[in-house]
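Notes to accompany the following structure.
Order of the sequence lines sets the chain letters (A, B, ...), proteins ahead of strands, with each chain counted from 1.
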Amino acid sequence: MLEKVYDPAAVETKIYEQWEKSGAFACHPDSDKEPYCIMIPPPNVTGNLHIGHALTFSIQDTLVRYQRMKGKDVLWQPGTDHAGIATQMVVERLLAKEGISRHDLGREKFLEKVWEWKAKSGGQIVGQLRRLGASLDWPRERFTMDEGLCRAVRQEFVTLYKDGLVYRAKRLVNWDPYLQTAVSDLEVEQRETVGKMWYFKYAVEGESDRFITIATTRPETLFGDTAVAVSDEDERYKDLIGKNVIIPICNRAIPVVADEHADPTKGTGAVKITPAHDFNDFEVGKRHNLPMINILDSTAHLNENVPEAYRGLSTADARVKVLEEVKALGLFVKEEDNPMTIPYGDRSGVVIEPWLTDQWFVDAPKLAKKAIEVVEDGRIQFVPKAWEKTYFEWMRNIQPWCVSRQLWWGHQIPVWYGPDGHYFVEENVDLAQAEADKYYGKRMELTQDPDVFDTWFSSGIWPFSTLGWPDNTKELQRYYPTNVLVTGFDIIFFWVARMVMLGLYFMKDVPFRTVYIHALVRDEQGRKMSKSKGNVVDPMVLGDKYGIDALRFTLIAMAAQGRDVCMSESRVEGYRNFVTKIWNAARFCEMNECKLADGYDPKALNQPLNRWIVSKAAAAMGKVTTALDEYKFNEAAEAGYQFAWGTFCDWYLEFAKPLFFGDDEAAKAETRATAAWVLDRILMMLHPIIPFVTEELWSKTENRKQMLMLTAWEDLHDLVNAEADEELDWVIGLISAVRSLRSEMNIAPSAKITMYLQGATAEEARRLDAFKPLIKTLARLETAELSTSADDAKGAAQTVFGTAAVLLPLAGVIDVAKETERLTKEKEKLTKEIGGLEGRLNNEAFVAKAPEKVVAEQRARLADAKAALVKTDEAMARLKAL
RNA sequence: GGGCGCAUAGCUCAGCGGUAGAGCAUUACCUUCACACGGUAGGGGUCGCAGGUUCGAUCCCUGCUGCGCCCACCA
């Protein structure tokens, strides 16, 4: 006997263990089934499962379970990411608490600490994935820094280098002075601020009282100036081009150059050029062969290239001092407020400096070409399609990708330098040494590049590195390209674009055929969740409170295409109730001895009720199937919900009660078998979304050995039966009409009343007769009679149903005033509707141009409304006679 | 500055060229023998504003307002 209330906590662990132990999640590379593969977006190994994870993994698990049930050989590849910066930061912070910096430890010792930390806390997210019910093929779990993937990353880099797609260059990069590393454009967050614009005079060399005024937002960089640029069409400064001006304070002479960058309409039209500290100036500097003076050290403090008094100052302190000194020199003109955006590191939160360093770059613009093509020609499809635009926009403006990071945690770059700075790019030190030997003609000491790769450089090859690449494994042949990538839009650039570029380059094929972009989860007020706002919803807490199934159902039901979703706890609670409802329906079936019957044929049933529910189940199954095929998860959830609760529980089981308690043994047996059969279909269609409760009921209700998760998904479309539908739908409609009437008339539940059906067709009469006992019970009627005479209704409580009028003769019970009010209201409504319909139908243009079907529909509606009006009038008349 | 998206019931959201939908909340009634994490019946919306296309617009187009996001620039 099933317990009265479903206890998720007790069931979830047990069921998951069963699944995992039995190998139910495993793929079968040797099988002849059609393969289906999803790569998990590898979460940070030391991370924690947040609500966004819960959404994306619930969606993926739903897809994967569905495809498995459909008979595919499914691989859902698990794994975690080493997450360079994030992880290094966590460990550094822990060390900082003990007063240790990573430099105190040295690289080797520090890395040991990181591995220790990974070993200690790395299991958490994996455990949480299991809690969530994720059916990943665990024995295949990979880590972006395990041995095979390290080898893949080295080969990735060396191949790109040898093919000329990777190069080393001294360039301006976004430098994070806190983390002391380069970061990519994408890791820089622009924040709006109100800054200042300062105007200074630079003296023209050799002309004692001529000055040129420049405007700047960063006065402290004037020590790095190597030119002043003006437009060659700017009359104010034209004659200065080629002359020198003197930088205040350091009194260095720099040339005035003509450059397109200078816009006469902006500022003063004259721009100071600091090539080593500004991206635009860098370009100007290159055009004019200007020197590049780096005035900052790696921590963004002024270095030896500035006057003695400024050395070692922070940029902020230097700014104050420069302003004071410029004012003292009488070269200060004015200052203005200036709205501007300032770059901050998205990890460190400090101001990012453009800084001149040697870095490794991937020629992304070259790789992007094909990556654009495959989306244009549909070899990769975005769902929803609108995201293609975002993808294109970025790919068409893509910049070289700086892949080197000055961190310790990550894949160390496989480049070895000789004493003269010549470098050797090889997969390991032995190959590099061999090349060096050839190059130098003798053995020379080599040192490896200390830098590591951007995390995304390794996750960019995730779709094939996890399958064994660079070896040509059978998994690689079988599961690449993968079927779908499921992710949020926030990493389209970081990850999706890189995977497409690298997949096409190394595998000569797209990494996935579909990219499903789901919404971001926000809080109830629509704000992005973040720790600093304190509005983080912990999915595991919700899981503990309401059960994982309720959590998953909520997420799936919210996962409509299109927009961001807000997470509200009340919804989880509602779906927890749904899970309980299913549980209780199963319990009710069990109590009534509903068991699957040998030789049960859902096509050969005698009871109309059973034919009807089979047809409805088939239709629901079809809806869920279509919705999942189209990634319309909310529709799948809704179809299952509506059928299980609104159809099966609310109507079928209620209808079944009289049969279960009655003495028609044949009908009883058939209904028991049908109830069991339908309950099974409900478990099936809901299993991809709420796997735990369905699996539990699947095994408990019939004592089955075969797990639900491995059961075949059924195509029931030939069980849909319009005739069977119509009959019971009519009865349900009638019952609803009577209930509604009763309730509106304030008829006491205990009142015994007789219903007359006036003006019914022969078919309706038959139905009424056939279902009389059910109607009596569910509508709480004393008797249900047929009549063609209005006289039978002494009172007049009436509602129009189908072609007939339901009359409840209520003399003595009826509230005449209330009924009059109701009928008046109804009449008004009908008159209005008739007016609208007649207007439309009398419009020649409508009749001529609208589709015939629509016109016919409207005519029918008009006829119905008119008939209803007549009956309402009759009722009014009878009411008056009372 | 460029681009994208959103505005529908009190809340969170579906939907859609032809009777406005769900869940939650709310009201009334029901301790009915699976389930009060339940049942039945209701109330509540000129689908952001203004034009246009159309026989017909919540839906398509244009403009406006408000909100959000992305990218770029910022001397």
Side-chain angles (χ1 to χ4, degrees), chain A residues 2 4-6 185-186 190 195 197-199 213-218 228-229 261-263 266-274 278-281 338-342 386-387 389-390 393-394 397 489-490 492-493 520 522 524 526-528 546 550 554 557-558 560-571 573-592 632 634-635 638 641-642 646 649-650 653-654 657 661 736 739-744 746 748-749 777-778 780 833 836-837 840 843-851 853-855 857-858 861 865:
Chain A
L2 293 170
K4 192 167 175 185
V5 177
Y6 172 60
D185 295 348
L186 295 172
Q190 304 287 342
M197 175 95 82
W198 290 277
Y199 292 77
T213 303
I214 56 91
T216 181
T217 54
R218 302 201 57 189
V228 168
H261 173 57
D263 180 347
K266 283 188 181 170
T268 62
V271 199
K272 74 186 202 60
I273 301 299
T274 319
D278 182 282
F279 288 100
N280 284 311
D281 294 4
N338 182 43
M340 56 195 289
T341 55
I342 294 184
W387 290 109
K389 276 196 169 179
T390 309
E393 195 188 317
W394 192 68
N397 297 303
F489 66 84
D490 50 333
I492 291 182
F493 305 144
L520 239 54
R522 298 175 184 277
E524 286 183 65
R527 296 174 309 180
K528 216 169 174 172
Y546 300 106
T554 310
M558 291 192 317
Q561 296 177 7
R563 73 172 175 190
D564 291 350
V565 290
C566 299
M567 185 72 195
S568 76
E569 190 168 330
S570 67
R571 227 170 142 168
E573 194 183 344
Y575 292 128
R576 186 271 318 264
N577 297 352
F578 173 59
V579 169
T580 308
K581 186 78 180 178
I582 295 172
W583 181 265
N584 276 300
R587 193 159 159 265
F588 176 74
C589 289
E590 186 187 45
M591 289 166 68
N592 286 287
K632 293 178 177 170
N634 58 322
E635 288 180 18
E638 198 191 315
Y641 184 99
Q642 288 307 336
C649 292
D650 286 351
L653 292 183
E654 292 305 322
K657 280 176 187 172
F661 308 147
S736 299
R739 280 174 174 173
S740 175
L741 196 56
R742 262 193 97 118
S743 171
E744 275 178 49
N746 281 338
T777 312
L778 293 180
R780 292 171 168 259
E833 194 186 346
L837 287 165
R840 196 171 301 163
N843 180 339
E844 282 171 36
F846 170 71
V847 179
K849 293 193 181 177
K853 205 180 125 192
V854 174
V855 178
E857 224 175 76
Q858 310 266 315
R861 266 176 61 197

Side chain to side chain donor-acceptor pair (under 3.5 Å) against [X], all qualifying residues, sequence neighbours excluded:
| X | value |
| --- | --- |
| A:E654 | A:K657 |
| A:W583 | none |
| A:E638 | none |
| A:Y641 | none |

Have a look at [X] and say if it touches a base, only the backbone sugar-phosphate, or nothing, with a 4.0 Å heavy-atom cut-off.
| X | result |
| --- | --- |
| A:T216 | sugar-phosphate |
| A:C589 | nothing |
| A:T268 | nothing |
| A:V5 | base |
| A:K657 | base |
| A:D263 | base |

Can you tell me the distance, in whole Å, between the [atom1] atom of [X] and the [atom2] atom of [N]?
| X | N | atom1 | atom2 | result |
| --- | --- | --- | --- | --- |
| A:E573 | B:U12 | CD | P | 18 Å |
| A:E654 | B:G38 | CD | P | 14 Å |
| A:F578 | B:A22 | CZ | C1' | 13 Å |
| A:N577 | B:A36 | CG | C1' | 10 Å |
| A:W387 | B:G5 | CH2 | C1' | 8 Å |
| A:N634 | B:A22 | CG | C1' | 11 Å |
| A:L653 | B:G38 | CG | C1' | 14 Å |
| A:I582 | B:A34 | CD1 | P | 18 Å |

Task: For A:N843, all residues meeting side-chain contact (heavy atoms from CB on, under 4.5 Å), sequence neighbours excluded - done: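 With neighbours one apart ignored, the set is A:A845, A:F846.
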TODO: With sequence neighbours excluded, tell me which residues meet side-chain contact (heavy atoms from CB on, under 4.5 Å) with A:E857.
DONE: A:K853
Task: Heavy-atom closest contact (A:K581 atom, A:C649 atom, distance) - done: CE-CB, 3.7 Å
Only counting residues at least two apart or in another chain, list the ones meeting salt bridge (charged side-chain N to carboxylate O under 4.0 Å, His left out) with [X].
| X | value |
| --- | --- |
| A:R840 | none |
| A:R587 | none |
| A:E635 | none |

Open item on the list: Quiz question: going by heavy-atom distance under 3.5 Å, is there a donor-acceptor pair between the base of B:C37 and the side chain of A:T580?
Closed with: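 When only heavy-atom distances are counted, A:T580 does reach the base of B:C37 through a donor-acceptor pair under 3.5 Å.
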Task: Polar side-chain contact A:R571-B:C24 base: donor and acceptor under 3.5 Å - done: no
Rounded [atom1] spacing from [N] to [M] in Å:
| N | M | atom1 | answer |
| --- | --- | --- | --- |
| B:U46 | B:C59 | C1' | 16 Å |
| B:C11 | B:G5 | P | 25 Å |
| B:C49 | B:A57 | C1' | 15 Å |
| B:A7 | B:G17 | P | 15 Å |
| B:U58 | B:A20 | C1' | 8 Å |
| B:C24 | B:C37 | P | 13 Å |
| B:G15 | B:C71 | C1' | 32 Å |
| B:G48 | B:C55 | P | 25 Å |

TODO: Answer yes or no: is there a donor N or O on one side and an acceptor on the other, between the side chain of A:T268 and the main chain of A:T213, under 3.5 Å?
DONE: yes
Task: Side-chain donor or acceptor of A:R739 paired with backbone N/O of A:R780 under 3.5 Å - done: no
Open item on the list: Measuring to OP1 and OP2 of B:G42, would you say a side-chain N or O of A:S740 lies under 4.0 angstrom away?
Closed with: yes
Open item on the list: Quick check on B:C69: is either OP1 or OP2 less than 4.0 Å from any side-chain nitrogen or oxygen of A:K389?
Closed with: no
Dump every N/O contact between nucleotides 16-18 of chain B and the protein below 3.5 Å, one line per pair.
| from | atom 1 | to | atom 2 | distance (Å) |
| --- | --- | --- | --- | --- |
| B:G18 | O2' | A:Q858 | NE2 | 3.4 |

TODO: Give the nucleotide from the list B:A22, B:G3, B:U12 with an atom nearest to the side chain of A:Q642.
DONE: B:A22
Open item on the list: In dot-bracket form, 5' to 3', how is RNA chain B paired? Count Watson-Crick and G-U wobble pairs only if both distances fall under 3.5 Å, and write | where the partner sits on another strand.
Closed with: (((((((..((((....[..)))).(((((.......))))).....(((((..]....))))))))))))....
Task: Side chain proximity check, A:H261 to A:D281, heavy atoms < 4.5 angstrom - done: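 SC-SC contact between A:H261 and A:D281 confirmed.
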Open item on the list: Do A:M591 and A:L2 make a side-chain contact, defined as non-hydrogen atoms from C-beta onward lying under 4.5 Å apart?
Closed with: no
Task: Nearest-nucleotide comparison on RNA chain B, the residue closer to the 5′ end among A:Y575 and A:A270 - done: A:Y575
Task: Most 5' of A:R587 and A:G574 on RNA chain B, judged by nearest nucleotide - done: A:G574
- [ ] Do nucleotides 28-33 of chain B as a string where each nucleotide becomes B, S or -: B if the base has a protein heavy atom under 4.0 Å, S if just the sugar-phosphate does, - if no protein is that close.
- [x] ----B-
